[in-house]
Amino acid sequence: MATDATALPLPPSPYARAPRRRSAAGATAAAATVALLAGLLVAAVATAPAGVMAYTDELWETYPSRCAGMWAHNALPGFSLNSTISLRFLDVSYPANITVLIYNYLDQDLLVNATAERAVTCGEPNTITAGLCTESQRGTYIIRNDTAPVAPIFNEVASFGSSFPTDDSGLSVYKAVYHVDVTGYYCVVVDGLVTVENATYVDTSYTTIFTAFVSYDNPYGELPAADYPKLPFFGLIAATYFIIGCIWFIGAWMSWKDLLQLQHYVTAVIFFLMVEMAFNCGFYAFYNNYGYSSYALLIIVVVLNAA
């Protein structure tokens, strides 16, 4: 007797795969994760601790020099602000004469006297009589003129007589401003001067007491020059991962039922990289805007980078 084969139920194939459904729990978890990360970012920005501006240094008689990188005002497209180095005094044991020197580090050899093998101040014995400098330059550093400098050199004497005039901020009225036209590493030197038997020397005994502040103002913001390339770098990487992530997420959503487990892992990795690069970019953007880093952002970036 013939049997109708279509009436018999076929056993399930051991290789058959049950259709996958979009998991509401998974979508909820993903949304919660995004909300949590966004909340942490907002909290980090809102509760960032106040601090000293990142690009301000302090000088005093026993530590009279500082060096830092600077970008020229025309080296970065899209920025119209000038790039400057400014120096002001907070306190001086007047009366005093203080020499102020600002120069590009590549010009350091121009400050070294070939005979003395050191920097020489105009006014030291035989410097004026030998024609190395003039009386009007007394107290400044002697700069060799046999080679053109890489950048202009700021070299003058700040004189404080019987008083120390200040403005409303408590800083000296005297202000040295150097305009940076060449990208490079710049040094600021502030030394007290003493005159002995009509000869002027740098005060190596530190009898001239002073405190000064030097501010490095780059056209892009408050980040040190060495760290600024990290801001556009992480911004570009974050934007790249965002574009890749959008393309991948749209494709994954359209083919959700056919995704392999490995592709879910790829989705998670792309999402993690998007968040990591965004927080790295945010950390440097905050630093650049406000001049100090957020400890909360720093902790999040360290954790993400270590993952």
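- No side-chain donor-acceptor contact under 3.5 Å links Asn288 and Asp227.
- Ring geometry for Tyr63 against Trp60 counts as perpendicular: the plane angle is over 60°, on a 0 to 90° scale with 30° as the lower cut.
- Between the side chain of Asn218 and the backbone N or O of Trp71, at least one donor-acceptor pair lies under 3.5 Å.
- Applying the salt bridge (Lys or Arg N to Asp or Glu O under 4.0 Å) rule to pairs touching residues 147-166 yields nothing, sequence neighbours excluded.
- Applying the salt bridge (Lys or Arg N to Asp or Glu O under 4.0 Å) definition to pairs two or more places apart or across chains, none involves residues 191-220.
- In this structure, Asp146 places its CG atom where more than 12 heavy-atom neighbours from other residues, nucleotides or ligands lie under 6.0 Å away.
- Listed here is the closest heavy atom pair of Tyr241 and Met274: O-CG, 3.5 Å.
- Shortest non-hydrogen contact noted between Tyr141 and Val189 is OH-CG1, 4.2 Å.
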- request: Assess whether side-chain contact (heavy atoms from CB on, under 4.5 Å) is satisfied between Thr84 and Val180, documenting all intermediate values.
  value: CA-CA 6 Å; Thr84 60; Val180 178; 6.0 Å; no

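- Residue pairs that meet the salt bridge (Lys or Arg N to Asp or Glu O under 4.0 Å) test with at least one member in residues 125-136, sequence neighbours left out, are Glu135-Arg138.
- Nearest approach of Ala130 to Asn126, heavy atoms of both residues: CB-O, 2.9 Å.
- When the side chains of ILVMFWY residues are joined at heavy-atom separations under 4.5 Å, either directly or via intervening members, Phe286 and Leu304 end up in a single hydrophobic cluster.
- Between the CD atom of Gln137 and the OG1 atom of Thr200 there is a distance of 12.5 Å, given to the nearest 0.5 Å.
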- Item | side-chain contact (heavy atoms from CB on, under 4.5 Å) between Leu223 and Leu231, worked out | CA-CA 9 Å; Leu223 270 175; Leu231 179 57; 4.2 Å; yes

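- Shown here are the disulfide (SG to SG under 2.5 Å) partners of Cys67, two or more places apart in sequence or in another chain: Cys187.
- Taking the ring pair (Phe, Tyr, Trp, His ring centres under 6.0 Å) definition, one finds that Tyr216 meets it with Tyr55, sequence neighbours left out.
- Judged by distance alone, the side chain of Asp91 and the main-chain N or O of Thr211 form no donor-acceptor pair under 3.5 Å.
- The CG atom of Leu110 sits 10.5 Å away from the OH atom of Tyr103 when rounded to the nearest 0.5 Å.
- Going from atom CG of Asp181 over to atom CG of Asn104 covers 11.0 Å, rounded to the nearest 0.5 Å.
- Taken to the nearest 0.5 Å, the CG atom of Leu90 stands 7.5 Å off from the CD atom of Glu58.
- One N or O on the side chain of Ser294 and one on the backbone of Leu297 form a donor-acceptor pair closer than 3.5 Å.
- A pairwise comparison of heavy atoms in Pro64 and Thr62 identifies CD-C, 3.6 Å as the closest pair.
- Tracing side-chain contacts under 4.5 Å through hydrophobic residues (I, L, V, M, F, W, Y), one reaches Ile237 starting from Phe272; they form part of the same cluster.
- In plain terms, the two heavy atoms of Gly69 and Tyr185 that are nearest each other are N-CD1, 3.5 Å.
- Summarising the geometry, atom CZ belonging to Phe210 is positioned 5.5 Å from atom CD1 belonging to Ile98; distances are rounded to the nearest 0.5 Å.
- Within the 3.5 Å criterion, the main-chain N or O of Ala72 finds no donor-acceptor partner in the side chain of Ser83.
- Within 6.0 Å of the CZ atom in Phe242, the count of heavy atoms belonging to other residues, nucleotides or ligands does not exceed 12.
- In this structure, the separation between OH on Tyr228 and OH on Tyr220 is 8.0 Å, given to the nearest 0.5 Å.
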Let's go through Tyr284 and Phe234 carefully: what are the C-alpha distance in whole Å and the side-chain angles of both, what is the deciding distance for ring-ring contact (aromatic ring centres under 6.0 Å, His included) to 0.1 Å, and is it a yes or a no?
CA-CA 9 Å; Tyr284 286 103; Phe234 282 115; 5.8 Å; yes

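- In terms of modelled atom types and a separation under 3.5 Å, the side chain of Ser163 and the main chain of Pro165 share no donor-acceptor contact.
- Between Glu276 and Asn305, the closest side-chain pair of non-hydrogen atoms falls below 4.5 Å.
- Residues passing the ring pair (Phe, Tyr, Trp, His ring centres under 6.0 Å) test with Phe160 are Phe89, Phe164, sequence neighbours excluded.
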Checklist entry - Step by step, would you call Ile153 with Leu101 a side-chain contact (heavy atoms from CB on, under 4.5 Å)? => result CA-CA 7 Å; Ile153 298 176; Leu101 178 69; 3.7 Å; yes

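- Legend: residues meeting ring pair (Phe, Tyr, Trp, His ring centres under 6.0 Å) with Tyr186, ordered by chain and number and at least two apart, are Tyr178.
- When all heavy atoms are compared, the tightest approach of Ala96 to Thr208 is CB-CG2, 3.9 Å.
- Residues passing the salt bridge (charged side-chain N to carboxylate O under 4.0 Å, His left out) test with Asp167 are Arg88, sequence neighbours excluded.
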List, one per line, each side-chain donor-acceptor pair under 3.5 Å for residues 245-252, sequence neighbours excluded.
residue	atom	partner	partner atom	Å
Trp248	NE1	Thr267	OG1	2.7

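- Under a hydrophobic-cluster definition in which Ile, Leu, Val, Met, Phe, Trp and Tyr are linked whenever side-chain heavy atoms come within less than 4.5 Å, directly or via other members, Ile142 and Val194 are assigned to different clusters.
- In terms of hydrophobic clustering, with Ile, Leu, Val, Met, Phe, Trp and Tyr side chains grouped at heavy-atom distances under 4.5 Å, Ile143 and Leu193 are assigned to a common cluster.
- Residue Ile85 is grouped with residue Val150 when hydrophobic side chains (ILVMFWY) are merged at heavy-atom distances under 4.5 angstrom, including chains of intermediate members.
- Residues forming a disulfide (SG to SG under 2.5 Å) with Cys281 (at least two apart in sequence, or on another chain): none.
- Side-chain contact check for Val190 versus Ser65: every heavy-atom pair is 4.5 Å or farther apart.
- Listed by first then second residue, pairs satisfying salt bridge (Lys or Arg N to Asp or Glu O under 4.0 Å) with a partner in residues 102-120 read Arg118-Glu124, not counting sequence neighbours.
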request  = Check step by step if side-chain contact (heavy atoms from CB on, under 4.5 Å) holds for Asp57 and Val188.
outcome  = CA-CA 10 Å; Asp57 277 332; Val188 179; over 6 Å; no

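- Under the 3.5 Å distance criterion, with hydrogens and angles disregarded, a donor-acceptor pair is assigned to the side chains of Asn97 and Ser159.
- In this structure, Tyr265 has no ring pair (Phe, Tyr, Trp, His ring centres under 6.0 Å) partners at least two apart in sequence or on a different chain.
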